[in-house]
K.L.:
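Have a look at this one before I ask anything.
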Amino acid sequence: MRSKAAKVALCGVVSALSVVLMLMTGIVPIATIALPALAGCLTIAIVAETNVRYGFAVYCVVSVLAILLTPDREAILFYILFFGYYPTLYGLLMRIKRKPLRVLAKFGVFNLAMALETAMAVWVLQIPLSEMEVFGKWSILILAVMLNVVFVLYDYSMNGLIVLYIRRLHPLVQKYIK
């Protein structure tokens, strides 16, 4: 991308689309997790077309607007605490040369985010902890394992989305941005 104005314009469009997806959590309540994940994935275009700084700037803008406008408070937590920044952070984590350290860093980021989300959901949003005890006394452990399995799938699909964007969409976006 050549001009700073084009970069800012792309960031504005992606931010607007992300906010619209976050607003839709009020219309489609079952998408409390899916729509913030989709909103976060839009930052793949920002990082690919500009750089990581612009990706984090979009994350900050969408986070503030989501807090002000989005009716589903739990969806806001999911976006702010994980889905909003992870696609941008993904590129930085992939720079870790040693695979075991990279995998450990990814799981560390995810598990810290999920622990914070759970704590804030219980203490800030007043969601009863008893709602998480579906499997009895082992509920927290079982849910943590299940979430980590889902994270592996999400992380794997993130790589696929990035490759898809670079191969298919990047050339199209470059035509319109020049």
Side-chain angles (χ1 to χ4, degrees), residues 1-29 31-96 102 105-127 147 150-151 154-155 157-166 169-170 173-174 176-177:
M1 218 183 260
R2 296 183 184 185
S3 75
K4 191 169 186 175
K7 292 177 183 180
V8 172
L10 181 64
C11 289
V13 169
V14 168
S15 296
L17 288 172
S18 295
V19 170
V20 167
L21 286 171
M22 292 301 293
L23 286 170
M24 288 177 61
T25 60
I27 299 168
V28 186
T32 298
I33 297 173
L35 289 174
L38 283 173
C41 286
L42 293 176
T43 60
I44 291 171
I46 298 299
V47 175
E49 301 301 335
T50 61
N51 59 40
V52 172
R53 277 188 253 147
Y54 282 92
F56 282 119
V58 167
Y59 159 72
C60 292
V61 166
V62 174
S63 296
V64 169
L65 290 172
I67 289 169
L68 296 173
L69 302 171
T70 302
D72 188 341
R73 296 294 171 209
E74 194 168 14
I76 296 169
L77 283 180
F78 283 126
Y79 183 84
I80 291 173
L81 294 176
F82 184 69
F83 291 118
Y85 65 83
Y86 188 74
T88 303
L89 184 65
Y90 183 87
L92 296 175
L93 292 173
M94 292 305 287
R95 293 180 186 170
I96 300 173
R102 183 173 58 236
K106 288 180 179 182
F107 275 105
V109 166
F110 174 74
N111 285 300
L112 179 62
M114 287 304 102
L116 282 171
E117 195 283 328
T118 303
M120 290 185 76
V122 170
W123 290 316
V124 175
L125 300 181
Q126 301 296 313
I127 296 174
L147 284 171
V150 171
F151 170 69
Y154 177 74
D155 189 65
S157 65
M158 182 66 57
N159 189 49
L161 283 172
I162 292 168
V163 169
L164 175 71
Y165 182 84
I166 296 298
L169 297 175
H170 178 68
V173 171
Q174 285 297 304
Y176 291 107
I177 292 180

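Note that these values count all heavy atoms, side chains included, but never hydrogens, waters or copies made by symmetry.
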K.L.:
I need the single residue from I27, L21, V19 that forms a side chain to side chain contact (heavy atoms under 4.5 Å, CB included) with L23. Which is it?
P.N.:
V19
K.L.:
Take F56 and Y85 through the ring pair (Phe, Tyr, Trp, His ring centres under 6.0 Å) test and state the conclusion after the steps.
P.N.:
CA-CA 7 Å; F56 282 119; Y85 65 83; 7.4 Å; no
K.L.:
Between I76 and A66, what is the shortest heavy-atom contact and its length?
P.N.:
CD1-O, 3.3 Å
K.L.:
Looking only at atom types and distance, does a side-chain atom of N51 sit under 3.5 Å from a main-chain N or O of Y54, one as donor and one as acceptor?
P.N.:
yes
K.L.:
Return the CG to CZ distance between L89 and F110, rounded to the nearest 0.5 Å.
P.N.:
13.5 Å
K.L.:
Taking the side chain as every heavy atom from C-beta outward, state whether K7 and E49 have any atom pair closer than 4.5 Å.
P.N.:
no
K.L.:
Nearest heavy-atom pair of G40 and P87: which atoms, and what distance?
P.N.:
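Closest approach of G40 to P87: O-CG, 3.2 Å.
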K.L.:
Under 3.5 Å, is there a donor-acceptor pair linking the side chains of Y86 and D155?
P.N.:
yes
K.L.:
How close do I166 and A48 get, counting heavy atoms only, and between which atoms?
P.N.:
CD1-CB, 3.9 Å
K.L.:
Compare all side-chain heavy atoms of L77 with those of I80 and state whether any distance is below 4.5 angstrom.
P.N.:
no
K.L.:
Side chain to side chain contact (heavy atoms under 4.5 Å, CB included) between Y165 and H170: does it pass, once the steps are laid out?
P.N.:
CA-CA 6 Å; Y165 182 84; H170 178 68; 4.0 Å; yes
K.L.:
Between OG of S63 and CG of L68, what distance do you get to the nearest 0.5 Å?
P.N.:
11.0 Å
K.L.:
Closest heavy-atom contact between A31 and P36?
P.N.:
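For A31 and P36, the tightest heavy-atom pair comes out as O-CD, 3.7 Å.
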K.L.:
Search all heavy atoms of A45 against all heavy atoms of L10 and return the closest pair with its distance.
P.N.:
O-CD2, 4.3 Å
K.L.:
Determine yes or no for a side-chain-to-main-chain donor-acceptor pair under 3.5 angstrom, with R102 supplying the side chain and I96 the backbone.
P.N.:
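Yes; judged by distance alone, with no hydrogens or angles, the pair exists.
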K.L.:
What is the minimum heavy-atom distance between S18 and L42, and which atoms define it?
P.N.:
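Heavy atoms only, the tightest pair is OG-CD1, 3.6 Å.
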K.L.:
Taking side-chain hydrogen bond (donor to acceptor under 3.5 Å, both in side chains) as the cut-off, I'd like each qualifying pair that reaches into residues 20-29, sequence neighbours left out, listed once.
P.N.:
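Listed once each, the pairs would be none.
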K.L.:
Do any N or O atoms from the side chain of T43 and from the backbone of I46 form a donor-acceptor pair under 3.5 angstrom?
P.N.:
no
K.L.:
List the residues meeting ring pair (Phe, Tyr, Trp, His ring centres under 6.0 Å) with F83, not counting sequence neighbours, and say none if there are none.
P.N.:
Y154
K.L.:
Which distance, rounded to the nearest 0.5 Å, do you find between the CG of L38 and the CD1 of I33?
P.N.:
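Reported to 0.5 Å precision, the distance equals 12.0 Å.
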K.L.:
At what distance, to the nearest 0.5 angstrom, does CZ of F78 lie from CE of M120?
P.N.:
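One finds 12.0 Å between CZ of F78 and CE of M120.
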K.L.:
Kindly state each residue pair satisfying side-chain hydrogen bond (donor to acceptor under 3.5 Å, both in side chains) with at least one member in residues 68-79, sequence neighbours excluded.
P.N.:
T32-D72
K.L.:
Answer whether the closest heavy-atom distance between the side chains of L69 and M22 falls below 4.5 Å.
P.N.:
no
K.L.:
Are the side chains of N159 and Y90 in touch, meaning some heavy atoms are under 4.5 Å apart?
P.N.:
yes
K.L.:
Report yes if the side chains of F151 and K106 come closer than 4.5 Å at any heavy-atom pair, otherwise no.
P.N.:
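Counting from C-beta outward, F151 and K106 do come under 4.5 Å.
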K.L.:
Show your reasoning for whether side chain to side chain contact (heavy atoms under 4.5 Å, CB included) applies to L164 and L169.
P.N.:
CA-CA 7 Å; L164 175 71; L169 297 175; 5.6 Å; no
